[in-house]
Amino acid sequence: MRATSSFQIDVWDANGRAPDVETGTPMGGFFIRRTFDGDEISGSSQVLMVSAFNTENGSGTYVAIDAFEGEIGGRRGTLNFWHTSTVDHGRFVSEDALLKVVPSSGTGQLTGAQGTGRILNRNDQELLELNLEFRGEEDDDAAMDGEAAIGKLEPGR
């Protein structure tokens with residue numbers, strides 16, 4: 001299923017956290033709330049984002065994770081997706097725009113959602129594009145248990 005929606009940012013809150021390391025693209029963290037109001041995607045999301053951006057030359061990148069709640073293609077539920085994008089001297093680097101649904105994050109009618117997409121800016125309008133498939137949450141004997149998976153993400157465990 002392919003679904004697209006425009007969205008608006010309702011809250012953009014810098015969290016005041018930044019590393020002590022000085023680089024050419026200063027880093028910062030943000031909490032964002034946005035509203036989706038399209039025919040194919042409607043709802044809201046809460047976003048944790050970190051970016052590195054140089055305001056003098058217009059270059060930088062961001063990485064963010066959304067917690068979405070609403071409806072996609074007539075299916076109601078929640079899910080997470082992560083996304084990233086890059087700007088190089090004011091030019092959007094399209095091949096760097098990525099979005100992926102977090103595995104097993106879907107609930108309700110979005111359970112089993114998997115897929116990709118992009119967040120774009122077209123004609124001063126922010127757009128979310130999703131390409132989703134749905135699969136059952138089948139038992140996989142080769143799957144790693146949750147505690148072992150967390151240990152692979154956290155240093156020193």
Side-chain angles (χ1 to χ4, degrees), residues 1-38 40-70 72 77-107 110-134 143-144 146-157:
M1 157 194 345
R2 184 177 172 94
T4 303
S5 177
S6 62
F7 64 87
Q8 68 180 30
I9 295 174
D10 304 315
V11 173
W12 184 280
D13 183 20
N15 68 17
R17 304 285 306 249
D20 294 334
V21 177
E22 190 173 320
T23 68
T25 54
M27 288 178 59
F30 305 91
F31 175 78
I32 302 166
R33 288 183 188 261
R34 57 174 140 220
T35 304
F36 299 87
D37 58 4
E40 299 169 328
I41 303 172
S42 63
S44 62
S45 69
Q46 297 180 28
V47 186
L48 294 176
M49 180 176 112
V50 64
S51 71
F53 196 77
N54 181 320
T55 57
E56 292 178 20
N57 67 22
S59 295
T61 194
Y62 79 87
V63 177
I65 299 177
D66 279 56
F68 173 85
E69 180 175 36
I72 301 172
T78 65
L79 56 73
N80 297 102
F81 55 87
W82 65 265
H83 47 101
T84 185
S85 186
T86 299
V87 175
D88 187 0
H89 290 84
R91 285 191 23 243
F92 173 67
V93 182
S94 61
E95 62 269 16
D96 286 354
L98 299 173
L99 181 150
K100 292 200 177 200
V101 173
V102 175
S104 300
S105 67
T107 68
L110 296 176
T111 298
Q114 57 187 14
T116 62
R118 304 187 294 175
I119 291 183
L120 304 168
N121 185 306
R122 287 204 183 123
N123 302 321
D124 294 326
Q125 185 178 38
E126 302 280 350
L127 294 174
L128 170 65
E129 292 180 350
L130 291 175
N131 296 300
L132 296 180
E133 295 178 359
F134 293 87
M144 182 180 296
E147 189 172 321
I150 289 170
K152 293 216 178 263
L153 295 174
E154 294 180 356
R157 276 194 65 159

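Heavy-atom basis, side chains included; hydrogens, waters and symmetry copies ignored. We number each residue from 1, following the sequence as shown.
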Original post:
Just wondering, more than 12 heavy atoms not from Glu133 lying within 6.0 Å of its CD?
Top reply: no
Subject >> Expected output: side-chain Ser51 to main-chain Thr61 donor-acceptor under 3.5 Å >> reply: no
Subject >> Residues in salt bridge (charged side-chain N to carboxylate O under 4.0 Å, His left out) contact with Glu129, at least two apart in sequence or another chain >> reply: Arg2, Arg118, Arg122
Original post:
What's the spacing between Leu130 CG and Ile72 CD1 if we round to 0.5 Å?
Top reply: 5.5 Å
**OP:** Of all the heavy-atom pairs spanning Thr111 and Phe134, show the shortest one and how long it is.
**Re:** O-CD2, 3.7 Å
Could you give the side-chain donor-acceptor pairs of residues 14-27 under 3.5 Å, partners two or more places apart or in another chain?
{"from": "Asn15", "atom 1": "OD1", "to": "Arg17", "atom 2": "N", "distance (Å)": "2.8"}
{"from": "Thr23", "atom 1": "OG1", "to": "Thr25", "atom 2": "N", "distance (Å)": "3.3"}
{"from": "Thr23", "atom 1": "OG1", "to": "Thr25", "atom 2": "O", "distance (Å)": "3.0"}

Original post:
So, for Gly70 and Leu110, which heavy atoms are closest and what is the spacing to 0.1 Å?
Top reply: O-CD1, 4.4 Å
Subject >> Nearest-0.5 Å distance, CD1 of residue Ile65 to CG of residue Asn80 >> reply: 7.0 Å
Side-chain donor-acceptor distances from residues 91-100 under 3.5 Å, at least two apart:
{"from": "Asp96", "atom 1": "OD2", "to": "Thr86", "atom 2": "OG1", "distance (Å)": "3.3"}

Original post:
Is Thr116 close to Phe81 at the side-chain level, that is, under 4.5 Å between some pair of heavy atoms?
Top reply: no
Original post:
Does anything in residues 58-69 pair up under salt bridge (charged side-chain N to carboxylate O under 4.0 Å, His left out), and if so which pairs, sequence neighbours excluded?
Top reply: Arg34-Asp66
Subject >> Sequence-distant partners of Phe36, ring-ring contact (aromatic ring centres under 6.0 Å, His included), two or more places apart >> reply: Phe7, Phe68
Original post:
Does Thr78 offer a backbone N or O that forms a donor-acceptor pair with the side chain of Thr107 under 3.5 Å?
Top reply: yes
**OP:** Using atom types as modelled and distance alone, determine if a side-chain donor or acceptor of Glu40 lies under 3.5 Å from a backbone N or O of Thr4.
**Re:** yes
Subject >> With sequence neighbours excluded, residues passing salt bridge (charged side-chain N to carboxylate O under 4.0 Å, His left out) with Arg33 >> reply: none
Subject >> Which atom of Ser59 lies closest to which atom of Asn57, heavy atoms considered >> reply: N-OD1, 3.0 Å
Original post:
Once you round to the nearest 0.5 Å, how far does CD1 of Ile32 lie from CE of Met49?
Top reply: 4.5 Å
Original post:
Which heavy atom of Leu127 sits nearest a heavy atom of Ser6, and at what distance?
Top reply: CD2-CA, 3.7 Å
